[in-house]
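The basis for the numbers below is simple: all heavy atoms, side chains too, and nothing from hydrogens, waters or symmetry mates. Chain letters run A, B, ... following the sequence lines, proteins first and then strands; every chain starts at 1.
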2 protein chains.
Amino acid sequence: MSLAETINRPTLHQELVDRIRNLVIEDKLKPGEKVPEKDLCEAFGVSRTPLREALKVLASEGFVILQANRGARVTHVTRQELADTFPVIARLEQLAGELACVQLSDVDIAQIEDRHRAMLAAYSANDRPAYFQANQNIHQALIQGAQNKILEDHHKLLAARIQRARFMVNLSNDRWAAAISEHETMMTHLRARDAAQLGLTMKAHIENKFAAFMQGIDAQSDG
Amino acid sequence: MSLAETINRPTLHQELVDRIRNLVIEDKLKPGEKVPEKDLCEAFGVSRTPLREALKVLASEGFVILQANRGARVTHVTRQELADTFPVIARLEQLAGELACVQLSDVDIAQIEDRHRAMLAAYSANDRPAYFQANQNIHQALIQGAQNKILEDHHKLLAARIQRARFMVNLSNDRWAAAISEHETMMTHLRARDAAQLGLTMKAHIENKFAAFMQGIDAQSDG
DNA sequence: AAATGTAATTATGAATTCATAATTAAGTCA
DNA sequence: TGACTTAATTATGAATTCATAATTACATTT
């Protein structure tokens, strides 16, 4: 352990990137919506310079789209984008699972067991918010457990983009039960440190989530 | 064919992002080097505003690192970053191979055959620049053939970062021969439209490239 | 001469200003 | 009334300006 953490006082634009990205993820800024610089400047109490810097970064991350002389718009989460994103996330999680099996300490795995139990408790209590949180904790722990910064960064970005669609569909009871079952299998492989199997299970888990997701969207547009 | 290309007058910052990124990839801007805004402004004949916007984007892409009040430095391509990046690229190419097998038309495949033959010719002629170009063309065609924008974007970014290390090592004759052989296998699977096998071969191809790469680095630091 | 403290210089973060492209509003004519 | 012009307004891209942090140059002390 080093003597001190490096001092990290974020600049305005860094802060703005995070804050505006959160507004998009939390659906406070709606897809397709124009994002007038003036309004955001007033909302955040900053000038246009750092705000525009932030918008450039958010555009490169895919949360807004910039049109020359016509400002920024929040991007839509299209069906196609979801269809493209899920397979990529699935492969990233597969890799993460394989690496985590090798990299995680027994203590780390025990902590994930705790989170897994918390997730089961949320399921039993039919507490969806708690379930989503616990579920996210577990996936995040496995991703971080892979100890691969590139993998983590790219996964984080894609996960944030997917997360924007969470308002579109709600988890069916069947899919919820299946997800719980898949997580049980994941834990079994993690305990056994079976890298290949954990990877395959995580990949399938995301692919199944995707299938349910698309069904949900279809059902929504039908109804 | 449409009557005209859409007018694409990129904003200064977009142009700058591409230009400066290329400077970094082409090693014109060296790792660790400070990038004084003033110098770049003069070099490109623009003011600091669009230049700084570009630096923010390049920082989010990992080509420079920004320290508050201390400007931008070109990032180093560390051993660890390479070790993290290759496995991710390998999985992305695996996915691309699987998708391309399904998505590509017979005509597309015939074009890739052409590029493959060009690559073989370059190998026979011992023409390394031509080989690298042909090789890159093939991989790019397969990635684009997957018709997955997310996959393509993320692959492009990672490939650019890897490319920065190409100056560090040179291809051994053994590895070159092996790479040619792996490409032959890839073409066999592509012709047969065997998605799973093409994916696995492409994944292994990148992993082997990585292993040779690391050996090359080791040899370099030994010598 | 080396180390420390201080002033001058430079570079950066952010606000402001300016020029121009888009958009909106108003006006004109059929 | 409704389509088409044209003027006014607004928003954006980029340059400039300003305040301050960081660096450098210099002086002082031992």
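- Checked options A/Ile25, A/Ile20, A/Val17; the residue passing with A/Phe63 is A/Ile25 (criterion: side chain to side chain contact (heavy atoms under 4.5 Å, CB included)).
- Rounded to whole Å, the distance from CZ on A/Phe44 to C1' on C/dA14 is 16 Å.
- Summary of the strand contacts: A/Glu53 and A/Arg70 both lie near DNA chain C, and taking for each the nucleotide with the nearest heavy atom, the more 5' one is attributed to A/Glu53.
- The nucleotide whose nearest atom lies closest to any side-chain atom of A/Pro50 is, among D/dT17, D/dA14, C/dA15, C/dA15.
- Put simply, CG on A/Leu16 is 11 Å from C1' on C/dA14, counting in whole angstrom units.
- Atom NZ in A/Lys56 sits roughly 10 Å away from atom P in D/dT12 (whole-Å rounding).
- Between the CD atom of A/Glu37 and the P atom of C/dT16 there is a distance of 15 Å, given to the nearest Å.
- DNA chain C is contacted by both B/Val35 and B/Thr49; B/Val35 maps to the nucleotide lying nearer its 5′ end (nearest heavy atom per residue).
- Classification of A/Arg21 and A/Asp18 as a salt-bridged pair holds, one side-chain N sitting under 4.0 Å from a carboxylate O.
- Counting only heavy atoms from C-beta on, A/Ser47 has its side chain closest to C/dA15 among D/dA15, C/dT23, C/dA15.
- Residue A/His13 contributes atom NE2, which lies 12 Å from atom C1' of C/dA14 at whole-angstrom precision.
- What separates CG of A/Leu12 from P of D/dA19 is a distance of 17 Å, to the nearest Å.
- Rounded to whole Å, the distance from NZ on A/Lys34 to P on D/dA11 is 8 Å.
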- Query: After noting the C-alpha distance and the side-chain angles of B/His154 and A/His155, does the key distance pass the ring-ring contact (aromatic ring centres under 6.0 Å, His included) rule?
  - Reply: CA-CA 10 Å; B/His154 284 255; A/His155 182 277; over 10 Å; no
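- Here the nucleotide nearest the side chain of B/Lys38, chosen from D/dA11, C/dT12, C/dA11, is C/dA11.
- Taking atom CG of residue B/Asn69 and atom C1' of nucleotide C/dT12, one finds them 6 Å apart after rounding to whole Å.
- A/Asn148 and A/Glu152 are not linked by any side-chain donor-acceptor pair at a separation below 3.5 angstrom, with hydrogens and angles left out of the test.
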